[in-house]
Amino acid sequence: MPVQSNPNKCISCGGCVSVCPANALELRGSDIVVDTERCIDCETCMKFCPVNALRKKQQEKGLIYPMENEE
Amino acid sequence: MTNNPLEFKENYDVIIVGAGPGGSIAARDCAERGLETLVIEKRQELGTPVRCGEGLGEAWMDIAGLEYDPTWCVKEIKGAIVFPPNEKSLKMPTENKGYIVERKIFEKRLAEQAGRKGAKYLLKTRVKHAIKEDGKVKGVVAVDDEGQEKEYRAKIVIAADGVESPTAKSIGINTVNKLIDIESGYEYEMTNINVDPEDTEYINIWIGNEIAPGGYIWAFYKSNDTANVGIGVNSVMKEKTAKEYLDEWITNNPQYFENAVITEKKGGAVPIGKPIEQPYENGFMIIGDAAHMVNPIHGGGMGIAMESARIAAKVAAEAIKQEDYSKEFLSKFAEEWWETRGKQLLEVQKVRKFVETLSDKEFNKLREILDAEGVLELTEASDFSKFLKIFKKSPKIAMKAVKAFK
């Protein structure tokens, strides 16, 4: 699953963008935007993050990407 | 040429992407040389968020052509105090004084200088990608604060867009940092710190693998009780987040921080790997963090970025005068930069590789066998043979040094 950024934790440092080998991340305003098509699931950004703001997108009710067809 | 600050032309001599210290120094120098210069900055306010330890040596100010300004040179610094793991601190006064900089104000002052010389600033505008035609960079596509996509064209584009370096990536130059080559950083600005006022005249550095693997913790004082307190750790060597290391250290040092108040939270990434070997293309140059031009031992990048900016601006002006924006011509920028700074940084890189191998016990040993001058010289990578001699007192350290200094 591609990563997602938690804007509550993110300090907009851009380091994850700089290490992403797939050019899948972008710092837009103060938020990290993930291009889920490009993300190759390598977790490099997660290993860098100084505040643990990145995590794998969960297969559950997401905060950022709510699941469709949820009963 | 329109002088309305709200109106921007479509064609310039030079477009600079990013209004950090590198970008604005490049803009100032280009404008001063009579070049029509546009700076495009994605942030809505220069200087924020701060992603910087905020220390700057006076020598760098000379290189950058900057004079002392009390609005951003907030505290004069006489040297460094290093605390090895056993806490037997080493005070290192230096003749080369420096300043702790209020970065938020610093960036604005630099932009003001550039603006007075005639450079235009377009804020809250995000460069989407560079325009490349017939193998040449011809400008950029940017999205403004209305969400409008617009083309801005120039003879030369200078990418000063920081560690993320998106503009270079957009034309296929690989500026991705390997995880091993990037420091993960986190910082607080804190006030009401309990510290000996004399110590605040030095940058305070704590080293050790327990507290900051592959990096260090710092306190850079802006006044007698207010400091930028931060950490950089190697992204591969760390076992928890930079923030967790820093929080733990602050908690374990109540003698300083018991009654302190946090007034800012910030962080950053410091590229400490090798600089980009060819930071140029047809019609294109990359400066500062975007080209990984940073001192790998302490992570300082402002001075180096401004120096690279001056070289880039000079070469841009020559290129425009001669109407030659080819990569062959612009390679002069890289040539001069590597000669002026790059080669030295590669030597410093070796010192970093050496220091990264040291255990806490060895850091303490190093503290015993090196005096203040020795530590300074070592970090400047001035004379390896001398250190190999000194390190003979500790065969383990000597072996590691021989390997790293090759």
Side-chain angles (χ1 to χ4, degrees), chain A residues 1-70, chain B residues 42-44 48-52 124 126 128-129 143 145 161-166 168-170 172 174-188 215 230-247 264-271 273 289-290 292:
Chain A
M1 296 299 288
V3 292
Q4 65 182 33
S5 168
N6 179 344
N8 294 320
K9 289 186 172 185
C10 179
I11 50 169
S12 316
C13 77
C16 54
V17 180
S18 90
V19 296
C20 176
N23 206 4
L25 301 175
E26 192 188 333
L27 179 60
R28 204 175 284 188
S30 57
D31 296 333
I32 293 297
V33 182
V34 183
D35 183 336
T36 51
E37 297 290 310
R38 282 189 181 172
C39 178
I40 55 169
D41 225 5
C42 67
E43 301 185 14
T44 308
C45 55
M46 293 167 63
K47 288 173 194 144
F48 163 80
C49 183
V51 293
N52 231 347
L54 293 151
R55 59 169 187 161
K56 288 295 186 71
K57 193 174 159 184
Q58 300 294 310
Q59 285 279 34
E60 57 191 44
K61 276 186 193 172
L63 292 169
I64 302 173
Y65 306 99
M67 296 282 286
E68 282 171 28
N69 307 322
E70 196 80 40
Chain B
K42 71 178 175 202
R43 293 171 295 172
Q44 65 186 48
T48 63
V50 175
R51 319 194 291 190
C52 178
K124 205 163 166 58
R126 176 171 55 91
K128 219 174 157 190
H129 60 82
V143 183
D145 49 6
D161 47 0
V163 71
E164 302 101 310
S165 200
K169 285 175 190 164
S170 78
N174 183 6
T175 53
V176 174
N177 282 291
K178 291 196 193 102
L179 203 55
I180 186 86
D181 289 331
I182 196 133
E183 291 278 304
S184 181
Y186 191 74
E187 311 162 3
Y188 294 115
I231 188 170
V233 288
N234 185 288
S235 302
V236 170
M237 294 166 78
K238 72 184 172 79
E239 285 167 354
K240 51 193 169 197
T241 65
K243 181 179 189 296
E244 283 164 341
Y245 279 106
L246 184 62
D247 287 354
E264 252 179 72
K265 292 181 172 183
K266 45 200 173 182
V270 185
D289 278 20
H292 311 174

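Convention: sequence-line order gives letters A, B, ...; per-chain numbering from 1.
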Comparing B/Gly267, B/Ser165, B/Gly162 against chain A, the one with the most heavy-atom pairs below 4.5 Å turns out to be B/Gly267
Closest heavy-atom pair, B/Gly268 versus A/Cys13, reported as atoms and distance to 0.1 Å, is CA-CB, 3.5 Å
The interface call for B/Lys238 against chain A, heavy-atom contacts under 4.5 Å, is side chain
One should read off an interatomic distance between A/Lys9 NZ and B/Lys265 NZ, to the nearest 0.5 angstrom, of 12.0 Å
Okay, A/Cys45 and chain B: the region with an atom under 4.5 Å from a heavy atom over there is neither
Most contact-rich option vs chain B, by heavy-atom pairs under 4.5 angstrom, among A/Asn52, A/Leu25, A/Leu27, A/Thr44, is A/Leu27
Open item on the list: Whether the side chain of B/Lys243 engages the backbone of A/Cys49 through a donor-acceptor N/O pair (distance < 3.5 Å, no angle test) should be reported.
Closed with: no
Note to self: Treating B/Thr241 as the side-chain partner and A/Val51 as the backbone partner, does any N or O pair qualify as donor plus acceptor under 3.5 Å?
What the structure shows: no
CD (B/Glu187) and CD1 (A/Ile11) are apart, to the nearest 0.5 Å, by 8.0 Å
Assert top hit (heavy-atom pairs under 4.5 Å, partner chain A, pool B/Asp289, B/Val270, B/Thr175, B/Val163) equals B/Val163
Separation between OG (B/Ser184) and CZ (A/Phe48), nearest 0.5 Å, reads 4.0 Å
From the list B/Asp181, B/Val176, B/Asn177, side-chain contact (heavy atoms from CB on, under 4.5 Å) partner of A/Ser18 resolves to B/Asn177
Highest number of heavy-atom pairs under 4.5 Å with chain B among A/Lys47, A/Arg28, A/Glu26 belongs to A/Arg28
Problem set entry | Atom NZ of B/Lys178: over 12 foreign heavy atoms under 6.0 Å | no
So, the part of B/Gln44 with a heavy atom under 4.5 Å from chain A: the answer is neither
Output for pair (A/Ser12 OG, B/Lys266 NZ), nearest 0.5 Å, gives 13.5 Å
